[in-house]
Number of protein chains: 2
Amino acid sequence: MGDLPLVIEGEGRQRILAAAEKLFSDKAFDAVSMNAIALQAGISKANIYHYFPNKDALYLAVLRAASQSLRTLLNDAVDAHGAVVDVLRHFARCHLQALLDRPEWVRLVWREILEKGASRAQEFAEQGFADVFSALVAVLEAGQSRGELRVDFDPALVATLLLGANVFFFQSRDILRHYPHVTFADDPAGYDAGIVEILLRGLIPVSSVDTTSTR
Amino acid sequence: MGDLPLVIEGEGRQRILAAAEKLFSDKAFDAVSMNAIALQAGISKANIYHYFPNKDALYLAVLRAASQSLRTLLNDAVDAHGAVVDVLRHFARCHLQALLDRPEWVRLVWREILEKGASRAQEFAEQGFADVFSALVAVLEAGQSRGELRVDFDPALVATLLLGANVFFFQSRDILRHYPHVTFADDPAGYDAGIVEILLRGLIPVSSVDTTSTR
DNA sequence: CCTAATATTGACCGATTGGTCGGGCATTGT
DNA sequence: ACAATGCCCGACCAATCGGTCAATATTAGG
């Protein structure tokens with residue numbers, strides 16, 4: 001009695017996972033102590049060991065959950081309906097928005113990729129994002145075979161370029177914001193619109209001064 | 001006597017910095033102990049404190065040195081001679097090669113950006129790469145005013161796209177390597193060649209079925 | 001050869017780390 | 001009513017952490 005049960009369906013385990021996710025998302029593994037996690041979760045440190053055998057297992061559980069959530073979130077961005085150019089525009093927009101909506105998950109997964117070179121990254125990012133990548137490649141190939149896109153480029157390369165543009169934006173928008181020429185740091189939609197437009201049209205004028213048949 | 005003086009000009013301080021750079025480059029700050037650094041440098045832990053007041057100062061010195069070295073390395077990639085398209089090709093190639101040649105520096109700086117949001121990242125990456133970014137933007141603007149490039153795109157956006165493509169390649173080539181469609185994971189030159197070509201020409205066929213007037 | 005400054009060290013410190021242990025508290029099936 | 005079972009905690013542990021200090025090598029100058 002007395003203590004107000006703020007978390008009814010609490011299920012201690014979820015509290016722990018949430019606390020760990022929050023802490024692990026903005027500090028490295030060794031920089032997050034079990035004490036801090038227990039404090040954040042509002043429980044005792046010893047209690048964590050009732051649900052998880054050790055720190056690694058807890059971290060792995062958090063990473064697994066975040067990775068899977070992020071995976072489905074990103075997969076939802078691929079909607080292969082309509083003309084290829086529209087699909088690309090839609091994907092770029094949704095994909096970047098998904099990254100920005102759940103920065104904790106992205107940071108969690110990306111930190112793991114940075115630390116463990118290709119060892120554990122294989123288990124998550126590789127297996128976890130291969131489908132997004134494949135879906136994007138498939139869209140591009142369809143566009144090629146349907147004549148909507150040129151056929152003399154590598155679809156996987158374009159997919160990498162598009163994914164990389166979004167990830168890079170996510171990672172360095174805080175830095176880009178301070179650059180004098182950058183006007184899109186706070187406008188992800190505008191950024192993606194510009195990116196896709198450049199990818200589609202190219203930087204070189206169509207041929208000579210023919211020009212402005214843009215539309 | 002006895003001990004072979006492998007390092008003549010050793011200058012203890014450099015040994016420490018080198019050891020710390022190596023360790024900090026593939027493990028996070030809290031995951032690297034002063035003991036480990038001392039061991040790697042082949043000296044005693046207490047001796048480190050003769051050259052550096054504390055762990056933070058040592059880390060900061062390493063970060064500063066790596067950041068500056070990386071900065072000059074990347075700046076050298078910008079060579080604004082010749083036609084704009086050639087400059088872009090040359091820059092992309094050299095920039096990515098610089099990243100791949102000194103992965104320790106890149107990982108060091110990039111980890112710092114990941115950890116400290118925009119606080120200390122400002123001091124290094126921002127200040128350190130603003131000139132590369134500006135130079136690239138200047139090249140693109142020159143290309144626009146000279147009529148070699150279209151004028152209806154944002155130069156800063158293209159610069160971000162190009163830099164991001166290289167950084168993303170550097171970060172995730174270990175993952176990309178395992179993707180079925182990817183053939184360029186071990187061919188940075190080919191990757192950049194393809195990237196630049198796409199940026200210049202665009203994905204959409206010149207007009208309709210005119211086609212294959214490539215090259 | 002002596003001295004003074006610089007390098008370098010082993011031993012040590014309090015604090016914090018991941019992890020353990022034994023026992024309370026509450027719910028539940030019987 | 002009672003035993004059982006899961007949940008939860010304070011206290012504790014050995015190991016390691018960053019950092020200090022007094023004492024010793026090593027070097028340079030006169």
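Every chain is numbered from 1, with letters handed out A, B, ... down the list of sequences.
Side-chain polar atoms of B/Tyr59 and B/Glu112 form a donor-acceptor pair below 3.5 angstrom. A donor-acceptor pair shorter than 3.5 Å cannot be found between the side chains of B/Asp79 and B/His90.
For the pair B/Arg93 and B/Phe91, the cation does not sit on the ring face, since its NZ or CZ is not both under 6.0 Å from the ring centre and inside 45° of the axis.
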Table of protein N/O atoms under 3.5 Å from nucleotides 14-20 of chain C N/O atoms:
unit_1	atom_1	unit_2	atom_2	d
C/dG18	OP1	A/Val32	O	3.3
C/dG18	OP1	A/Lys55	NZ	2.6
C/dG18	OP2	A/Met34	N	2.9
C/dG18	N7	A/Lys45	NZ	3.4
C/dG19	OP2	A/Tyr49	OH	3.1
C/dG19	OP2	A/Lys55	N	2.7
C/dG19	N7	A/Lys45	NZ	3.2
C/dG19	O6	A/Lys45	NZ	2.4

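In this structure, B/Phe52 places its CZ atom 14 Å from C1' of C/dA7, rounding to the nearest Å. At whole-Å resolution of the value, CD1 in B/Ile48 and P in C/dG10 are 13 Å apart. In this structure, A/Leu39 atom CG and D/dC9 atom P are separated by 12 Å, rounded to whole Å.
Residue contacts shown for B/Tyr51 are limited to sugar-phosphate atoms, with no base heavy atom under 4.0 Å away.
For A/Arg102 (side chain) and A/Leu99 (main-chain N/O), no donor-acceptor pair under 3.5 Å exists by modelled atom type. Checking side-chain atoms of B/Glu115 against main-chain N and O of A/Lys27 turns up no donor-acceptor pair under 3.5 Å. For the pair A/Ser33 (side chain) and A/Ala36 (backbone), a donor-acceptor distance under 3.5 Å is present.
Residue A/Asn47 places no side-chain N or O under 4.0 Å from the OP1 or OP2 atom of D/dC7. Considering only side-chain N and O atoms, A/His50 lies nowhere under 4.0 angstrom from the phosphate OP1 or OP2 of D/dC8.
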